[in-house]
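Here's the structure, in structure tokens; my notes come after.
Since this is a predicted model, take the numbers as computed values, not measurements. What's counted below: heavy atoms across the whole structure, side chains too, no hydrogens, waters or symmetry copies. Quick note: residue numbers are just sequence positions, from 1.
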Amino acid sequence: MHASGMERPSCLPRSSKMNSYIANALSDFFFKYETPRQVLVRNRRVGVVCRLIQLGVLAYIIGWVFIYEKGYQSTDTAVSSVFTKMKGVAYTKVDGEEWVWDTVDYVFPEQGDSSFVVMTNYIITKGQKMGKCPELAESRYLCNSDSDCERGMVERTGHGHMTGKCVGNTTKTCEVVAWCPVEDDRKIPDPALLMSAENYTLFIKNSVTFPAYGVKRSNLVEGIDNQYIKSCVYDPTTSPLCPIFRLGDLVQLSGFNFATIAKMGGAIGIVIDWTCNLDYDQSECKPIYTFHGLYGNPNETDMARASVGYNFRYAKHYMEDKQEKRTLLKVFGIRFDIIVRSVARKFDIIPTLTAIGSGVGIFGVATVVCDLILLYLLPKREFYNNMKFKVTETVEQEPLDEFSSEK
């Protein structure tokens with residue numbers, strides 16, 4: 001009873017000391033401020049190095065981050081759609097047969113896609129019907145006996161299914177089941193049959209939307225109305241915003257020669273560049289057209305390549321005397337790929353503060369470099385070291401147990 005009564009009062013000072021300790025810790029945390037010690041060094045070389053580094057950092061922040069990279073703006077890319085329409089008529093006369101070609105005949109596909117082919121040359125094989133006939137008189141199809149034509153074998157580059165017979169009078173070739181007569185595409189018309197394609201015109205209608213800013217634009221910008229479209233043709237100097245393009249001009253602006261690319265085919269890229277600064281009026285957001293030759297350049301060594309130009313085949317089927325026949329065309333053409341490249345910029349406080357904060361942080365590089373010079377390279381580095389760092393001796397003390405119980 002007496003021992004228990006003597007120990008209870010010792011709990012009061014222990015609790016008081018803990019409360020005081022916590023109060024002091026909170027007071028130190030909330031109501032005190034610590035600042036690093038600064039040393040002013042009068043040294044011309046170090047001062048010049050520091051200012052040069054700071055000047056370089058400042059030039060980087062202002063010139064590169066803010067002026068060139070537009071670090072004070074946010075960016076958005078556009079959702080785009082492209083519609084195309086070709087116009088023009090071509091006339092050919094082959095083996096005394098006259099033919100007029102319109103857009104339905106020479107544009108593939110005809111729906112107005114952003115990627116399409118304009119036919120400039122062709123090889124036509126008329127009146128093909130399913131049957132048996134000899135292969136072309138080429139070395140890979142030549143034979144001396146039926147044993148050279150294995151029945152059921154299909155040549156990867158051949159025209160049909162081998163019957164196992166070697167046929168012919170003077171020049172013997174393997175017989176095949178195919179669309180007969182087989183196509184002979186060894187001689188490509190030169191010059192191209194549709195050289196008049198040079199005067200075709202291409203109309204491009206492009207719309208873009210920048211969803212982040214709610215801005216919608218079209219390449220039919222202010223000032224381009226129906227009357228203007230009827231008379232304008234694109235020219236990079238006099239009419240840079242006209243959406244009507246002459247095919248011969250497109251080929252020339254891409255660095256190609258039309259006669260060369262028309263014979264074997266090729267590919268051209270049309271880039272519509274929407275780079276817009278929306279800090280200005282939306283009417284200043286206008287497209288810029290550029291043209292790039294992808295393949296078919298006459299200056300390249302095309303003839304040394306495995307595959308030259310661009311071509312494909314398609315057939316028109318019809319019925320004659322209750323038998324299905326077809327007209328096969330091997331088409332050589334220019335493939336056009338329209339590519340929309342877009343970026344819109346507008347002032348935003350968040351990237352601005354981020355750019356400024358990163359720039360301020362880079363300024364610390366000058367301090368680090370100058371400290372390295374002072375502490376390790378200069379003759380008086382010991383003196384600067386003593387001035388920069390204050391060294392104190394640590395005196396070890398026995399820890400006091402403030403919370404131990406005492407009688």
Side-chain angles (χ1 to χ4, degrees), residues 89-110 116-143 149 152-197 200 259-267 296 302-303 306-335:
V89 176
Y91 169 82
T92 59
K93 187 175 182 180
V94 180
D95 298 331
E97 183 178 356
E98 296 179 309
W99 196 269
V100 174
W101 304 79
D102 57 19
T103 54
V104 178
D105 299 316
Y106 62 73
V107 179
F108 309 90
E110 67 279 359
F116 58 94
V117 179
V118 177
M119 180 171 65
T120 55
N121 205 4
Y122 65 90
I123 297 174
I124 188 169
T125 307
K126 296 182 179 181
Q128 285 189 321
K129 60 181 180 180
M130 190 60 63
K132 297 180 180 179
C133 53
E135 269 283 12
L136 291 179
E138 291 186 338
S139 57
R140 52 184 171 174
Y141 305 128
L142 297 179
C143 60
C149 303
M153 183 177 179
V154 178
E155 179 70 26
R156 185 180 65 86
T157 58
H159 296 88
H161 185 85
M162 290 188 182
T163 63
K165 295 182 179 181
C166 182
V167 296
N169 297 322
T170 56
T171 303
K172 292 188 176 183
T173 59
C174 294
E175 185 184 58
V176 291
V177 177
W179 286 95
C180 300
V182 297
E183 178 192 48
D184 186 356
D185 61 348
R186 291 173 293 182
K187 185 178 179 181
I188 301 175
D190 189 13
L193 296 175
L194 275 69
M195 281 296 295
S196 58
Y200 296 168
T260 303
I261 197 174
K263 176 186 175 183
M264 302 290 291
D302 282 345
M303 299 309 297
S307 178
V308 181
Y310 177 80
N311 64 79
F312 64 93
R313 292 174 174 84
Y314 83 98
K316 296 181 179 180
H317 292 258
Y318 60 95
M319 297 295 294
E320 184 178 278
D321 297 331
K322 297 182 181 181
Q323 184 175 17
E324 184 180 6
K325 294 186 178 181
R326 74 176 189 180
T327 298
L328 178 67
L329 282 93
K330 182 176 182 180
V331 175
F332 300 87
I334 305 173
R335 179 187 177 97

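Proximity of Val117 to Phe312: side-chain heavy atoms (C-beta onward) are separated by under 4.5 Å at one or more points. Put simply, the side chain of Ile334 does not reach to within 4.5 Å of the side chain of Tyr310, judged on heavy atoms. Using a 4.5 Å heavy-atom cutoff, the side chains of Tyr314 and Val331 are in contact. At a threshold of 4.5 Å between non-hydrogen side-chain atoms, the residues Glu320 and Lys129 do not count as touching. Looking at heavy atoms from C-beta onward, Thr171 lies in side-chain contact with Leu142 at the 4.5 angstrom threshold. With contacts defined as side-chain heavy-atom distances shorter than 4.5 Å, the pair Tyr318/Thr327 qualifies. The side-chain heavy atoms of Trp179 and Met130, taken from C-beta on, include a pair separated by under 4.5 Å. For the pair His161 and Val176, the minimum side-chain heavy-atom distance is 4.5 Å or more.
Formation of a donor-acceptor pair under 3.5 Å by the Glu98 side chain with backbone atoms of Tyr91 is not found in this model. Under the 3.5 Å distance criterion, the side-chain polar atoms of Asp321 are left unmatched by any main-chain donor or acceptor of Gln323. Side-chain N or O atoms of Thr120 include none that pairs as donor or acceptor with a backbone N or O of Lys263 at under 3.5 Å. At least one donor-acceptor pair under 3.5 Å links the side chain of Asn121 to the backbone N or O of Pro189.
Disulfide status for Cys133 with Cys180: present, SG atoms under 2.5 Å apart. Cys pair Cys174 and Cys143 fails the test of SG atoms under 2.5 Å apart.
To the nearest 0.5 Å, atoms CE (Met319) and NZ (Lys325) are separated by 10.5 Å. The CG atom of Leu194 lies 12.5 Å from the CZ atom of Phe332; values are rounded to the nearest 0.5 Å. Taking CG of Leu136 as the reference point, atom CG of Asp184 lies at 5.0 Å (rounded to 0.5 Å). Atom CG of Asp105 and atom CG of Leu329 lie 9.5 Å apart (nearest 0.5 Å). Here the OH-NE2 distance, from Tyr141 to His159, works out to 5.5 Å after rounding to the nearest 0.5 Å.
Among residues two or more places apart in sequence or in another chain, the side chain to side chain donor-acceptor pair (under 3.5 Å) test is passed with Arg335 by Ser115, Asp337. With sequence neighbours left out, the side-chain contact (heavy atoms from CB on, under 4.5 Å) criterion links Asp185 to Ile123, Glu183, Arg313, Lys330. Not counting sequence neighbours, the partners of Val167 by the side-chain contact (heavy atoms from CB on, under 4.5 Å) test are Pro134, Lys165, Glu175.
Ring to ring, Tyr122 and Trp99 are not that close: their centroids are 6.0 angstrom or more apart.
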